[in-house]
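Since this is a predicted model, take the numbers as computed values, not measurements. Just follow the structure's listing: the first ligand is 1, and inside any ligand the first atom is 1.
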Amino acid sequence: MRAMVLREYNAPLVLENRPVPHPGPGEAVIRVRACGLCGTDLKIASGRIGGTRLPVVMGHEPAGEVVAVSAGVRGVEIGDRVVAHLYLTCGQCEYCRSARETLCQHLAGRLGFQVDGGFAEYLCLPAECLLQLGESVGFEEGALLGDAVGTAFHALHRRARLAPGDTAVIVGVGGVGIHAVQVARAMGARTVAVDVAPDRLEMALRCGADAAVAFGDRFEAEVKGHLGDQGAHVVFDSVGKSEVLEAAVRLVRPGGCLVAVGYHPGEFLELDPTRVVLDELSIIGSRACTREDVRAVIRLVARGLVRPVVTRRFALEAVNEAMTELAANRIPGRAVVVP
Ligand SMILES: [Zn+2]
Ligand SMILES: [Zn+2]
């Protein structure tokens with residue numbers, strides 16, 4: 001089979017021919033039909049994510065059909081249409097047992113980070129990582145549910161506990177942010193999107209944002225013009241830059257919360273504890289999504305409440321080109337790689 005392999009940091013992925021994998025105990029093999037390309041892939045390829053292992057087949061948002069299952073595996077059958085959850089968890093630690101498995105203390109790895117991922121024709125992984133797409137969700141849309149859509153849902157629903165009638169500000173309308181706009185709307189929140197790029201702001205409006213505001217000198221006043229002077233119940237940040245995070249905190253209303261999804265090494269958030277205390281602000285982080293979150297977003301997509309935004313498609317051999325386009329900010333929504 002063909003696979004795109006990261007052999008060294010800051011170098012193009014290399015096309016390799018490898019044997020089609022066979023499932024070991026507890027495992028299944030899927031034929032990859034689509035795999036999303038994420039901003040994190042740029043960080044992995046440039047060595048900015050700790051703990052990656054080379055060489056590795058990159059790609060952590062795969063969907064496909066099951067072609068082999070080891071004996072004794074239940075709940076997954078040949079022919080099933082599935083999306084993969086990228087965390088290979090232990091299933092035993094306190095976090096795994098309390099459905100917070102992205103915090104697993106004995107993680108065997110993450111697809112496309114430490115273990116081979118979805119930029120390949122076939123992928124072997126623990127069968128428990130496979131979640132059923134059913135018949136109504138396509139592979140390209142389905143691929144995004146394990147990360148881009150699930151991560152937005154985890155942050156807004158599980159972590160920030162956004163409620164119907166709340167107000168939300170979505171800062172950064174990239175691959176995760178555009179789905180956060182839709183999830184917030186599906187949850188009944190009034191939503192303002194913030195970004196630097198006019199085309200992304202337009203896309204946010206098309207995806208259900210009540211207003212869209214360009215990040216710049218006057219953006220705080222503009223956001224408050226839409227939501228009221230107190231600010232928002234929930235501010236979702238997918239940018240992770242110091243300047244943006246500090247502005248995001250100022251948009252949180254008393255009793256509200258900033259939920260951080262984006263991060264970059266070397267970027268910090270400076271907080272005024274007086275305001276945090278007196279306004280009882282919650283500053284929380286949100287890491288990826290759980291399997292239960294993926295099941296929830298599959299239902300949202302099947303019901304038409306969220307539509308995964310796939311704007312570009314690349315052949316497997318063109319992953320390097322896709323990553324160049326992504327780095328140049330020329331991919332709104334998500335691109336998928338179609339082996
Ligand atoms: Zn990702
Ligand atoms: Zn665990």
Exercise for the section: Applying side-chain contact (heavy atoms from CB on, under 4.5 Å), run through M4 and V14 and close with a yes or a no. Expected result: CA-CA 5 Å; M4 292 297 281; V14 180; over 6 Å; no

Exercise for the section: Test salt bridge (charged side-chain N to carboxylate O under 4.0 Å, His left out) on R81 and E65 and set out the steps. Expected result: CA-CA 5 Å; R81 306 170 74 263; E65 58 188 307; over 6 Å; no

Practice task
Could you check N329 against R200 for side chain to side chain donor-acceptor pair (under 3.5 Å), going step by step and ending with a plain yes or no?
Solution key: CA-CA 10 Å; N329 267 327; R200 292 177 188 220; 3.3 Å; yes

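A cation-pi geometry, defined here as NZ or CZ lying under 6.0 Å from the six-membered ring centre and within 45° of its normal, does not hold between K224 and F219. R158 forms no cation-pi arrangement with F153, by the criterion of a distance under 6.0 Å to the ring centre and an angle within 45° of the ring axis.
A donor and an acceptor atom, one from each side chain of E267 and S242, are located under 3.5 Å apart.
The N, O or S atom of H60 lying closest to the Zn ion (ligand 1) is NE2. Within D147, the N, O or S atom at minimum distance from the Zn ion (ligand 1) carries the name OD2.
No donor-acceptor pair closer than 3.5 Å links the side chain of E16 to the backbone N or O of V5.
The Zn ion (ligand 2) has C90 SG, C93 SG, C96 SG, C104 SG as its protein N, O or S neighbours under 2.8 Å.
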